[in-house]
Amino acid sequence: MIRRSGFGWLEFIIGLILVVLGIYTYTCPLEAVMALVLIYGILAILMGIGDIVMYIRAERFTGFGPMLSLISGILSVMSGVMLIAYPRAGALVLSLLFPIWFITHCIARLTRLDGIRFLISNATYYCLLILNIIGIVLGFLLLLSPRYAVLSTVYLVGTYLVLLGIESIVLAFSKAGSKY
């Protein structure tokens, strides 16, 4: 029988990493944006190659491949190369991707929050609820003002990373911490 400590070590470590990344984003904003652009570029290339390989394998076994997979793969590779070759253009693209990510991530967290409400205290529940609502508001502020978004994306990302880290640390100390 495995004994659990009741403390969510993985959630705690993830929270600490997110807080450190958020602070790094504040202290080195230009480097943080360029690093994110390069990471997204590399991931886009790898995902694109994976889509193309999936298309080729599906075509070999079935006689036809999902054309959407091939198109998506080619576009992903092209996007990844563009992000790596022109990181400043990538920074502008990220000013649109981050708000979408903020909004979708927070909505996903809110949808599962009600399911774990019985496992955690009311104070933890309301803390997580408020943090995710702040994330949604930040996401919409970025979407509504692209010029402002370009100038402030780095600081909002840093803020959100710190908030997300705090959320993970709060979860680690809650009863639900050992469940994740």
Side-chain angles (χ1 to χ4, degrees), residues 10-57 65-112 128 130-171 180:
L10 179 63
E11 196 75 27
F12 181 73
I13 292 168
I14 290 170
L16 287 178
I17 291 170
L18 288 171
V19 169
V20 168
L21 283 174
I23 293 169
Y24 175 77
T25 302
Y26 282 128
T27 59
C28 304
L30 185 59
E31 290 85 359
V33 169
M34 293 305 148
L36 286 172
V37 169
L38 290 176
I39 290 169
Y40 276 121
I42 292 168
L43 287 174
I45 290 171
L46 293 175
M47 290 172 54
I49 291 171
D51 285 345
I52 293 169
V53 168
M54 201 264 308
Y55 168 80
I56 292 169
R57 286 187 179 167
M67 188 58 67
L68 188 58
S69 179
L70 178 63
I71 293 168
S72 171
I74 292 169
L75 289 174
S76 290
V77 170
M78 289 171 47
S79 298
V81 169
M82 189 274 310
L83 288 174
I84 292 172
Y86 303 105
R88 290 183 191 261
L92 293 174
V93 170
L94 288 181
S95 70
L96 293 175
L97 292 178
F98 276 122
I100 294 169
W101 176 68
F102 282 2
I103 293 166
T104 57
H105 178 77
C106 290
I107 289 172
R109 286 273 178 141
L110 286 173
T111 60
R112 78 171 192 181
L128 298 178
I130 290 168
L131 288 174
N132 284 297
I133 290 172
I134 290 171
I136 290 173
V137 170
L138 289 175
F140 278 112
L141 284 174
L142 285 172
L143 277 177
L144 294 174
S145 180
R147 181 175 286 170
Y148 177 72
V150 172
L151 297 174
S152 64
T153 295
V154 174
Y155 297 110
L156 290 175
V157 167
T159 300
Y160 189 67
L161 287 173
V162 169
L163 291 175
L164 196 58
I166 291 169
E167 176 187 18
S168 293
I169 292 169
V170 166
L171 274 175
Y180 292 103

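All heavy atoms count here, side chains included; hydrogens, waters and symmetry mates do not.
- Contact between Cys106 and Tyr160 at its shortest, heavy atoms only, is SG-OH, 3.0 Å.
- Within the model, atoms CD1 of Ile52 and CD1 of Ile74 stand 5.5 Å from one another, a figure rounded to the nearest 0.5 Å.
- Rounding to the nearest 0.5 Å gives a distance of 13.0 Å between CD1 of Ile39 and CE of Met34.
- For the side chain to side chain contact (heavy atoms under 4.5 Å, CB included) with Ile17, the qualifying choice from Val20, Ile13, Val19 is Ile13, the only one to do so.
- Partners of Ile107 according to the side-chain contact (heavy atoms from CB on, under 4.5 Å) rule, which considers only residues two or more places apart in sequence or in another chain, are Ile103, Thr111, Ile136.
- Residue Asn132 holds its CG atom at 7.0 Å from CG of Leu128, rounded to the nearest 0.5 Å.
- Summarising the geometry of Gly48 relative to Ser76, their closest heavy-atom pair is CA-CB, 3.5 Å, with the distance given to 0.1 Å.
- Of the inter-residue distances, the one linking Ile100 atom CD1 with Phe140 atom CZ reads 10.0 Å to the nearest 0.5 angstrom.
- Under the 4.5 Å side-chain criterion, counting only non-hydrogen atoms from C-beta, Ile84 is in contact with Ile45.
- Nearest heavy atom pair, residue Leu18 against residue Ser168, reads CD1-OG, 4.3 Å.
- Counting only heavy atoms from C-beta outward, the side chains of Leu164 and His105 approach each other to under 4.5 Å.
- No side-chain heavy atom of Asp51 sits under 4.5 Å from any side-chain heavy atom of Leu70.
- Shown here is Met47, whose CE atom has no more than 12 heavy atoms of other residues, nucleotides or ligands within 6.0 Å.
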